[in-house]
Structures are given as C-alpha cells and as structure tokens.
There are 2 protein chains.
Amino acid sequence: MMSANKVGERMISERQLRILEAIISDFIDTAQPVGSRTISKKYPLGISSATIRNEMADLEELGYLQQPHTSAGRIPSDLGYRLYVDSLVNVHTIGYEEKEVIQSLLRSRIIEANDLAKQAAKLLAEFTGLVAIVAIPKFNKCKLGNLKLVKVSDSRVLLIMVTDTGIVKNIQLGISNTDQFILDRVSDTMLNHLSGETIENIDMRSILKIKDKLLNYGDFVDYLIPILRDALKSLNGTEHHTEGLSQLLTIQEFSNPEKARAIFDFLKNPENLEKLVEGSPVNQLSIKIGSEIGLDALDECSVITSAYKVDGKTDGRVIVLGPKRMDYGNVVSIVNYISNTLSDVFSGITL
Amino acid sequence: MMSANKVGERMISERQLRILEAIISDFIDTAQPVGSRTISKKYPLGISSATIRNEMADLEELGYLQQPHTSAGRIPSDLGYRLYVDSLVNVHTIGYEEKEVIQSLLRSRIIEANDLAKQAAKLLAEFTGLVAIVAIPKFNKCKLGNLKLVKVSDSRVLLIMVTDTGIVKNIQLGISNTDQFILDRVSDTMLNHLSGETIENIDMRSILKIKDKLLNYGDFVDYLIPILRDALKSLNGTEHHTEGLSQLLTIQEFSNPEKARAIFDFLKNPENLEKLVEGSPVNQLSIKIGSEIGLDALDECSVITSAYKVDGKTDGRVIVLGPKRMDYGNVVSIVNYISNTLSDVFSGITL
DNA sequence: AATTAGCACTCGATCATGATGAGTGCTAAT
DNA sequence: ATTAGCACTCATCATGATCGAGTGCTAATT
C-alpha cells in the first residue's frame with residue numbers, strides 16, 4: 001500500500017485509493033458490480049456510503065471505474081486494475097507444501113524438455129485455476145552437446161541432437177539407401193567439429209568444412225547437406241504447452257460458449273502464442289490487462305508472463321491467462337516461483 | 001434401406017421405418033423435437049399428419065421415440081438411433097478432394113509416429129466437426145529395428161529405439177559417469193542380439209545373455225539392467241492425440257459449460273481414453289450410442305471407433321466423439337478412410 | 001379396415017405488467 | 001467536509017395472458 005503522492009498520473013487521494021482497493025477486491029471475489037453501501041458495510045473505512053458515492057463518482061470520472069448501467073454498482077476499468085496491480089496488490093509468499101510439490105515434480109530425473117514444460121504448465125494451471133502456457137527455450141539458441149544419425153527405415157534417418165543443457169530433439173530426414181555404419185562415421189565427424197557450437201550458428205560453411213574430413217563418403221555428404229539445412233531451419237519455431245483450458249469454462253466471464261471458444265481457438269494457434277510471448281519483456285515479470293494486451297480476442301483477459309533463462313541466456317516463457325478479475329497476488333507468486341525453478345532445472349542447477 | 005422383416009426385435013412396419021428415418025434425419029438437422037405436421041409436409045411419404053401421429057405413438061410405445069413433454073414433438077431414443085444406424089444410414093463415399101488432402105498430409109515423408117497420429121486427428125476433427133482421438137499403436141508390440149544409447153548429460157543417457165516399421169521412441173535413463181564410446185559398444189551389442197525381437201518380449205533373460213558378450217563392461221551392464229527393465233515397463237501405455245475439443249462448444253447439446261467441461265475433463269484423462277479404446281472391437285468399425293457406451297460422462301454422446309493395423313497385427317485406434325445427433329453416414333466414411341490410410345502408412349505401404 | 005379431417009386439450013415459449021430493491025445523484029442539514 | 005434523506009433509475013423477478021406447436025381421440029370418409 002502506498003501513499004497518494006506516489007501515484008503519478010492524476011491527483012488521487014489516499015482515501016480514494018483505499019476505496020478503489022476495496023471495490024476491486026470485492027469485485028474479484030463476487031464478480032458483481034459493487035455498490036457504495038456494500039463498501040461502507042464490509043470495509044472499515046469509517047466513512048458513510050454517501051461519501052463513498054461521491055468518491056466513486058470522482059473515481060469514475062478519473063477513469064478508474066465503470067458503471068454498467070445507471071442504477072448499478074461500479075466495476076473496475078482496465079486503468080483501475082492497472083493502478084490496483086501497480087500500487088495495491090501485495091504478492092503472496094508461496095506456501096511450503098506448494099514449493100515441495102513443485103520441486104519434486106520438476107526435478108524428477110527422467111524428465112525430458114517437453115515433459116518438463118508440460119509438467120510445469122500443469123502445475124501452474126492447478127495452482128492458479130487458470131490457463132497456463134509454458135514455452136520451451138528455443139532449441140536454436142542452445143549449444144550442441146551430442147549428435148547421432150540413426151537409421152529408421154530404408155528411406156528415413158533420424159537425426160538426434162542433444163544440447164549441452166540436456167534438451168533432446170529428433171528430426172526425421174528422408175534419406176534412402178544408407179547403412180548405419182556410414183551414419184555412425186558421419187555423425188561422429190560432425191560431432192567432433194560442431195560440438196559446443198550454437199545450433200543456429202551451424203551454417204553451410206561449418207558443414208562444408210566437415211565434408212573435407214569425410215572424403216570417403218563425399219557423395220553421401222553432398223546428398224545430406226541440403227536435407228540437413230532444411231531440417232535445421234525447421235528448428236526456429238518455439239514449442240508451447242498449454243494446460244487448464246477447461247477450467248476457463250467454470251469462470252463466469254467465459255461461461256458463454258462463444259467467448260470460451262474464441263479464446264480456445266486463439267490459444268490453439270501457435271502463431272498467436274508467439275504473439276503473446278513476443279509482447280512480453282525479456283527480463284522481469286509482466287502483467288497485461290485487457291486492452292493492454294492489444295489482441296481483440298483477449299480483451300476480457302489478463303495475462304501474466306515471465307521469462308526464464310537457461311544458463312543466463314536462452315529463454316523460455318511462462319504464461320498464465322485468466323479473467324481480469326483474478327487473484328493477482330497469488331498468480332504472480334506462483335508464476336515467479338515456477339519460472340525460477342525452470343531456470344534452475346534447465347540450467348542444470350541441481351539445488 | 002431394408003425391408004421390415006429384416007428388423008429383428010419387434011414387429012415394425014416398412015412405413016414406420018420410413019417415418020422413423022424422417023424423424024431422425026430432421027432431428028439431426030434441427031435439434032428440435034419433430035412434430036407430425038413437419039414430417040408430412042417436408043417428407044413425401046404420401047400420408048397425412050394424423051396417420052403419422054398414430055404411427056409415432058406406436059413408435060414411442062416400441063421405445064424408438066421419446067416425447068420431452070406432452071405437447072412437444074418426438075426425439076429419437078438411443079434405441080431409435082440404433083435402428084437408424086443399423087438399417088437406415090447409408091454411408092457416404094468420401095470425396096475425391098478430401099481423399100487428396102488426407103493422402104498428401106498423411107503420406108508426407110518427414111513425419112514421425114506422434115506427428116502422424118496428431119495430423120490424422122486434426123483431419124478427422126476438421127472433416128467431422130467433432131472431437132477426434134487417435135491412439136498410436138502400442139510400441140510394446142512392435143519389433144525392434146534399431147537402437148542407440150546417446151549421452152545427454154553427465155547424469156543422463158537417451159535410449160532411442162526404432163521399430164522395424166519406423167516408429168521412434170526416446171526414453172531418458174538416469175545413468176551417471178559414462179562416456180559415449182562405451183554406450184556405442186553396448187548399444188551395438190544389444191542391437192545385434194535383440195534386432196527383430198518384439199519389444200514386449202525383451203525380458204531379463206534376453207538382456208542377461210547380452211551381458212556375456214560384454215564382459216569388458218560388466219559393471220556398467222549390471223548398472224544398466226534394472227534401469228532398462230523399468231524403462232521398458234513404462235512403454236505399455238498408449239499415447240493418444242485429441243483434436244477438435246473446442247468444436248464441442250458450438251454444438252447445442254454441449255453449449256452448457258458444465259456439460260462441456262465434464263466431457264473435456266473426461267477426455268483429458270488417459271485412463272478414460274483407454275476405456276474408450278478397450279470397449280471397442282478389434283476388427284470392424286464400431287458405433288456406440290449414448291447409454292451403450294456405458295460411461296455416465298458420455299451419456300449424451302455417440303462414439304465411433306475403428307482399429308487400424310500395423311503389418312496386420314499391432315493396432316491403434318481411431319475415435320470420433322460427438323452428439324448422438326451426428327451425421328453418421330459422413331463420419332463413418334471419414335473414420336474408415338483415415339483408419340485405412342493409417343494402416344497403410346504405418347505398415348510402410350507407399351501406395 | 002385403413003385413413004384422415006376436425007377438434008379439444010396440453011404445455012412450453014413469449015410478452016407485457018407491475019412490484020421489488022439495489023444503487024445512484026443531488027440537496028440540504030449537520 | 002460529511003452525511004442523512006429523498007427522488008429517481010433500472011435490472012430482476014414473479015405474475016398472468018396469449019400464442020401456437022403439437023398431441024390424442026372421435027367421427028367421417030374412402
């Protein structure tokens with residue numbers, strides 16, 4: 001809670017702030033427009049409903065509140081939520097039990113990058129009751145740690161790449177009539193020369209160098225190179241894991257099937273998820289409210305994002321999406337904790 | 001369309017059959033209880049609404065129709081749908097364009113088993129407008145074609161197995177302090193002895209035999225064996241790909257958020273999907289209607305399943321779930337076509 | 001004997017009506 | 001500056017009237 005002078009934009013009194021806080025808290029609980037009488041009775045501000053009415057009128061004029069219709073109570077505007085989030089919300093501390101659960105599930109040994117992201121998304125969805133999305137670090141920006149070519153069928157070869165942080169990626173290549181012995185020789189040589197290289201930096205130049213070392217298999221390498229180039233290009237997409245969608249249906253704001261479906265369809269499209277990620281800052285936690293998101297489909301939502309880092313560099317994203325009327329303090333603490341844990345796990349920090 | 005005598009259970013006239021057909025067709029279109037006048041006007045049966053009323057009363061007595069309330073039209077009962085599906089539906093032939101799209105998307109070279117299943121589910125969902133689930137063949141029952149151990153980090157090794165039909169599976173094993181050279185030796189030896197073996201048949205006996213061949217690395221093999229056994233056990237689950245969930249929300253029957261959510265949550269649980277698969281016959285196409293499914297959560301649904309085969313043996317499943325009021329003829333033709341295409345693709349038949 | 005026209009009847013859906021009450025804004029008293 | 005008081009607004013809800021789609025039954029028709 002802060003004093004009035006800290007609020008920059010417009011003059012707003014301490015008392016108005018308290019009233020705004022009470023209204024938003026109440027609205028988050030009840031989803032009903034909040035009236036002056038409710039505030040004066042439920043919250044010990046020591047002022048009458050009439051005074052509150054006057055202040056509410058002012059708050060509406062300043063743009064922090066809205067009135068659905070003449071004789072209804074007030075609901076927060078996006079600007080009101082913004083003020084609430086910036087100055088009024090106090091971030092919870094996440095409970096010990098929750099920490100335990102998160103640690104044990106995200107630090108399980110046999111976990112793969114995709115499984116890890118999925119698990120993290122599940123935890124987020126469970127603890128927030130909202131939609132959670134976890135984007136994996138771009139594989140592209142990791143360093144190559146290991147590499148194998150494995151024959152799958154007469155016409156297909158599997159390229160397996162492992163980053164130095166232990167993320168695995170498979171790509172199938174259409175290559176016919178080869179045998180595992182040659183594949184082993186080629187992949188060993190490639191690994192010797194490319195190990196430690198950032199994957200997006202593996203270009204034709206470095207691949208061509210390898211060709212010199214593999215004179216015996218020159219033909220095969222000629223054949224492999226264009227296929228490999230295409231395959232590497234395909235890696236610049238980010239993978240997303242979404243969980244908790246069905247929980248939206250229980251939330252008043254989205255109980256209308258059309259609205260729910262609009263959001264479902266929006267989130268199903270990876271390009272849209274990319275937009276969500278792009279719009280969020282790399283460093284700190286970000287909260288966007290309604291129109292601030294800048295996407296029509298999410299006008300009724302708030303989005304909380306956080307970036308997590310792998311070895312201080314490559315980053316993935318953690319996203320929680322819900323109604324504007326969400327428990328920001330709680331969600332922020334969970335997003336923070338899971339985001340930090342992911343940073344640690346992906347960076348190989350074993351606690 | 002069949003003659004009256006072919007209908008077993010109870011005496012039902014040819015005319016009653018036609019009326020039933022008309023009622024169900026109309027109900028499938030409109031989702032509204034169908035009245036006698038509607039039938040006599042829309043369908044050229046050459047009989048008056050009064051006669052139809054009498055027949056409808058009989059059909060209700062026989063259990064094929066239901067009346068939501070006294071002065072409403074009739075809707076089909078599960079038994080009515082059953083009769084409709086068994087004797088009245090004529091299966092469409094799938095169009096040339098659709099075939100082209102399906103073939104081109106499912107026969108793309110660079111596709112992996114999971115991607116293939118996902119793609120198939122997407123196609124099903126798109127062409128039916130309903131929920132589609134594709135279960136991958138149990139990896140367990142395929143034959144081993146290739147095998148590699150790849151070092152991922154200091155504490156983890158990736159076990160890659162490829163079936164003779166080209167399905168790939170990764171498992172991460174927690175194994176510390178080893179190097180790629182040893183892993184290569186061990187995996188080569190394992191492959192030599194296990195190639196062609198059905199994966200679920202790889203038991204301790206066959207693994208122990210390998211140990212004899214790897215005396216130099218005895219300690220490592222001792223360490224590996226229990227880990228490997230656990231890993232192989234984890235393979236007997238089936239993986240499912242679900243698509244088209246959000247489309248449910250546009251269907252009248254599921255526009256109630258609670259009903260929709262119940263189905264969403266049901267389908268999210270892999271065990272429940274397993275139940276759906278288990279309950280369906282191995283050979284032909286199966287249609288289950290409402291209570292026939294035997295699962296409370298799906299009382300308002302119909303489920304169409306088909307098994308597809310890999311090399312005539314191992315099988316996956318194709319499932320479409322929608323309201324009882326679905327276009328059976330259309331859905332059946334699509335399920336059949338995609339199921340057959342999957343059989344071919346997984347069996348390596350290249351057309 | 002089967003079909004159908006006709007009619008009374010049922011009952012959900014729709015709509016206008018009025019009462020209720022939560023909530024407001026304004027004014028005047030404190 | 002605060003607040004009590006009051007007229008006013010408007011969503012919500014219950015009521016009742018009306019409408020019409022649909023039925024079942026009976027009697028007339030083929």
Side-chain angles (χ1 to χ4, degrees), chain A residues 4 11-20 22-24 26-27 29-77 80 252-253 255-256, chain B residues 4 11-20 22-27 29-77 80 252 255-256:
Chain A
M11 226 37 198
I12 182 173
S13 72
E14 174 71 24
R15 191 170 71 180
Q16 285 176 321
L17 258 188
R18 292 236 191 87
I19 292 172
L20 184 65
I23 292 173
I24 300 188
D26 207 76
F27 185 68
D29 281 355
T30 64
Q32 298 299 325
V34 187
S36 55
R37 220 179 104 81
T38 311
I39 297 298
S40 80
K41 276 206 302 185
K42 269 211 222 170
Y43 298 82
L45 299 178
I47 42 179
S48 78
S49 67
T51 311
I52 292 172
R53 269 202 294 287
N54 290 328
E55 297 285 34
M56 280 163 89
D58 290 350
L59 284 168
E60 183 170 358
E61 208 168 305
L62 291 170
Y64 297 111
L65 293 177
Q66 291 173 333
Q67 202 171 14
H69 58 264
T70 322
S71 71
R74 303 300 207 294
I75 62 174
S77 68
Q252 267 208 12
E253 279 86 337
S255 62
N256 174 341
Chain B
M11 225 38 196
I12 181 173
S13 72
E14 174 71 23
R15 192 172 69 181
Q16 285 176 320
L17 259 189
R18 292 236 191 86
I19 292 172
L20 184 65
I23 292 173
I24 299 187
S25 298
D26 208 75
F27 185 69
D29 281 354
T30 65
Q32 298 300 323
V34 187
S36 56
R37 220 178 105 81
T38 311
I39 297 297
S40 77
K41 276 205 302 185
K42 272 211 220 170
Y43 297 83
L45 298 177
I47 44 178
S48 77
S49 66
T51 311
I52 291 173
R53 270 203 292 288
N54 290 328
E55 297 285 32
M56 279 163 87
D58 289 350
L59 284 169
E60 181 170 359
E61 207 168 305
L62 291 170
Y64 297 112
L65 293 177
Q66 291 174 333
Q67 203 171 13
H69 58 263
T70 324
S71 71
R74 303 300 210 292
I75 63 175
S77 68
Q252 268 208 10
S255 62
N256 174 339

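What you are looking at is a predicted structure, and each value in this text was computed from that prediction instead of being measured. Within every chain, numbering begins at 1; the chains are lettered A, B, ... in the order of the sequence lines, protein sequences first and strands thereafter.
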Legend entry - Distance, nearest 0.5 Å, that separates CE of B/M56 from CD of B/Q16: 12.0 Å
Inset, instruction - Could you grab the distance from atom CD1 of B/I19 to atom CG of B/L65, nearest 0.5 Å is fine? - result: 9.5 Å
Would one find a side-chain N or O of [X] under 4.0 angstrom from OP1 or OP2 of [N]?
X     : N      : value
A/S36 : C/dT24 : yes
B/T51 : C/dT4  : yes
B/T70 : D/dG22 : no

Whole angstroms only, please: what is the [atom1]-[atom2] distance between [X] and [N]?
X     : N      : atom1 : atom2 : answer
A/N54 : C/dG25 : CG    : P     : 8 Å
A/Q32 : D/dA11 : CD    : P     : 14 Å
A/I52 : D/dT2  : CD1   : P     : 12 Å
A/L65 : C/dT24 : CG    : P     : 10 Å
A/I75 : D/dA11 : CD1   : P     : 14 Å
A/E55 : D/dT2  : CD    : P     : 8 Å
A/Q66 : C/dT24 : CD    : P     : 15 Å
B/R74 : D/dA21 : CZ    : P     : 17 Å

Among [options], which is the nearest nucleotide to the side chain of [X]?
X     : options               : answer
A/A50 : D/dT3, D/dT23, C/dT24 : D/dT3
A/Q67 : C/dA22, D/dT2, C/dG25 : C/dG25
A/M56 : C/dG12, C/dT24, D/dT2 : C/dT24

Identify the nucleotide, in any strand shown, that forms a Watson-Crick or G-U wobble pair with [N], with both distances under 3.5 Å; if there is none, say none.
N      : answer
C/dA13 : D/dT18
C/dA28 : D/dT3
C/dG18 : D/dC13

Are side-chain heavy atoms of [X] and [Y] found at a separation under 4.5 Å?
X     : Y     : value
A/S40 : A/S48 : no
A/I12 : A/L59 : yes
A/Q66 : A/E60 : no

Legend entry - Considering all heavy atoms, the nearest B/Y43-B/A22 contact: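 Heavy atoms of B/Y43 and B/A22 come nearest at OH-O, 3.6 Å.
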Legend entry - Short side-chain to backbone donor-acceptor contact, B/T51 and B/I47, under 3.5 Å: no
Inset, instruction - Classify the side chain of A/R53 versus the base of C/dG25 as yes if they form a donor-acceptor pair under 3.5 Å and no if they do not. - result: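 Answer is yes: a donor-acceptor pair is held.
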Legend entry - A/R15 vs A/L45, side chain to side chain contact (heavy atoms under 4.5 Å, CB included): CA-CA, chis, key distance, verdict: CA-CA 8 Å; A/R15 191 170 71 180; A/L45 299 178; over 6 Å; no
Legend entry - Residue whose closest nucleotide on DNA chain D lies nearer the 5' end, A/H69 versus A/R15: A/R15
Inset, instruction - Please figure out whether A/A57 or B/S49 has its closest DNA chain C nucleotide nearer the 5' end. - result: B/S49
Legend entry - Residues in contact with DNA chain C, drawn from residues 39-48 of chain B - heavy-atom cutoff 4.0 Å: B/I47, B/S48
